[in-house]
Peer 1: 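Got a structure for you, questions after.
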Amino acid sequence: MNPHHALQQVSPWVEAHAGLVALGGTVLDLAAGGGRHARYFAWHGRKVVAVDKDVSALAHLPGVTAIQADLEDGSPWPLQGQVFDAAVVTNYLHRPLFPDLFAAIRTGGILIYETFARGNEAYGKPDNPDFLLDPNELVARTLNQFVIVAFEDRYVDAPRPAIVQRIAAMKI
Ligand SMILES: C[S@@+](CC[C@H](N)C(=O)[O-])C[C@H]1O[C@@H](n2cnc3c(N)ncnc32)[C@H](O)[C@@H]1O
């Protein structure tokens with residue numbers, strides 16, 4: 001399998017926790033990119049809103065509403081007033097978005113978040129601390145608003161060697 005194809009595979013972490021989101025539920029896929037998780041949730045019976053600055057891979061996916069937005073240019077949160085049964089964010093970190101992201105999840109709703117963490121510098125990109133979660137950062141950020149269902153901060157060897165931090169949590 002070529003590396004590009006491997007990166008399009010559904011994250012095992014997302015797959016492992018997708019069952020926390022009820023069938024028919026709404027899922028926000030933030031910085032959805034090629035749409036691997038938007039496609040996965042839509043295929044598995046959820047209604048997906050996928051946001052990215054580049055929606056070329058997201059438009060016209062069945063069951064997916066694509067929203068083109070720059071999430072980092074200081075313009076207002078593009079989903080103002082919308083609340084979802086779940087939010088998934090993978091391989092993306094822009095810390096100023098955390099309050100809006102958490103507010104977009106209903107009480108009882110699910111956050112699934114996975115991205116690179118401190119230590120990843122040893123394996124490649126990203127190596128800029130702006131794009132690497134600090135130790136326990138997803139725990140620290142969610143602790144007062146979520147029940148933590150599962151958390152890891154660890155080395156993985158697939159789809160390529162990396163240090164990732166990942167959480168599944170339920171809004172309280
Ligand atoms: C590494 S990709 C991850 C894509 C997807 N979440 C996944 O895991 O397959 C990062 C994504 O963030 C998007 N992105 C980067 N900067 C952005 C911005 N300022 N506003 C919106 N999306 C942005 C990119 O277009 C890209 O699709």
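In each ligand, atom 1 is the first atom listed, and ligand 1 is the first ligand listed.
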Peer 1: So, for Phe102 and Arg141, which heavy atoms are closest and what is the spacing to 0.1 Å?
Peer 2: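 Result for this residue pair: CE1-O, 3.3 Å.
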
Peer 1: Is there a donor-acceptor pair under 3.5 Å between the side chain of Gln165 and the backbone N or O of Glu137?
Peer 2: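 Yes; judged by distance alone, with no hydrogens or angles, the pair exists.
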
Peer 1: So, Arg95 side chain and Asp130 main chain: donor-acceptor pair closer than 3.5 Å or not?
Peer 2: yes

Peer 1: Does Ala32 reach ligand 1, in the sense of a heavy atom lying below 4.0 Å from it?
Peer 2: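 Contact check Ala32 vs ligand 1: positive.
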
Peer 1: As an exercise, identify every atom of ligand 1 less than 4.0 angstrom from a heavy atom of Gly33.
Peer 2: 4 (C), 27 (O)

Peer 1: Does Arg36, backbone or side chain, put an N or O under 3.5 Å from an N or O of ligand 1?
Peer 2: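 Such a contact does occur with ligand 1.
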
Peer 1: So which of Asn91, Asp70, Leu93, Ile67 gets nearest to atom 19 (N) of ligand 1, if we judge by its closest heavy atom?
Peer 2: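 Closest candidate by heavy-atom distance is Asp70.
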
Peer 1: Check whether any N or O atom of Lys53, backbone or side chain, sits under 3.5 Å from an N or O atom of ligand 1, and answer yes or no.
Peer 2: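 The answer is yes, given that Lys53 and ligand 1 share an N or O pair closer than 3.5 Å.
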
Peer 1: Do ligand 1 and Tyr92 have nitrogen or oxygen atoms that lie under 3.5 Å from each other?
Peer 2: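 Not met; the criterion fails.
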
Peer 1: Within the structure, does Ala31 bring an N/O atom to less than 3.5 angstrom of an N/O atom in ligand 1?
Peer 2: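 Yes.
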
Peer 1: Applying side chain to side chain donor-acceptor pair (under 3.5 Å) as the test, list every pair that has at least one member in residues 105-118; sequence neighbours left out.
Peer 2: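 Pairs touching residues 105-118 that pass the test: Ser11-Glu114, Asp85-Arg106, Glu114-Arg166, Arg118-Asp134.
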
Peer 1: Check whether any side-chain N or O of Asp100 sits under 3.5 Å from a backbone N or O of Trp77 as a donor-acceptor pair, and report yes or no.
Peer 2: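 Checking the backbone N and O of Trp77 against the side chain of Asp100, no donor-acceptor pair under 3.5 Å is found.
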
Peer 1: Using heavy atoms and a threshold below 4.0 Å, how should the contact between Ser11 and ligand 1 be classified: side chain, backbone, both, or neither?
Peer 2: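 Neither; no heavy atom under 4.0 Å.
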
Peer 1: Relative to the heavy atoms of Ala69, which atoms of ligand 1 are at a distance of less than 4.0 Å?
Peer 2: 20 (N), 21 (C)

Peer 1: Give me the atom names and distance for the closest heavy-atom approach of Asp153 to Pro135.
Peer 2: OD2-CA, 4.0 Å

Peer 1: Before signing off on this row, confirm whether Leu71 and ligand 1 have an N or O atom pair separated by under 3.5 Å.
Peer 2: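 Yes; at least one N/O pair falls below 3.5 Å.
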
Peer 1: Over all heavy atoms of both residues, which pair between Tyr123 and Pro161 is shortest? Give the atoms and the distance, please.
Peer 2: CB-O, 3.5 Å

Peer 1: Using the side chain to side chain donor-acceptor pair (under 3.5 Å) rule, collect all pairs that involve residues 44-56, keeping only residues at least two apart or in two chains.
Peer 2: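 Residue pairs passing side chain to side chain donor-acceptor pair (under 3.5 Å), neighbours aside: Asp54-Ser56.
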
Peer 1: For ligand 1, which is the ligand I care about here, please tell me if Asp29 has any N or O atom under 3.5 Å from one of the ligand's N or O atoms.
Peer 2: no

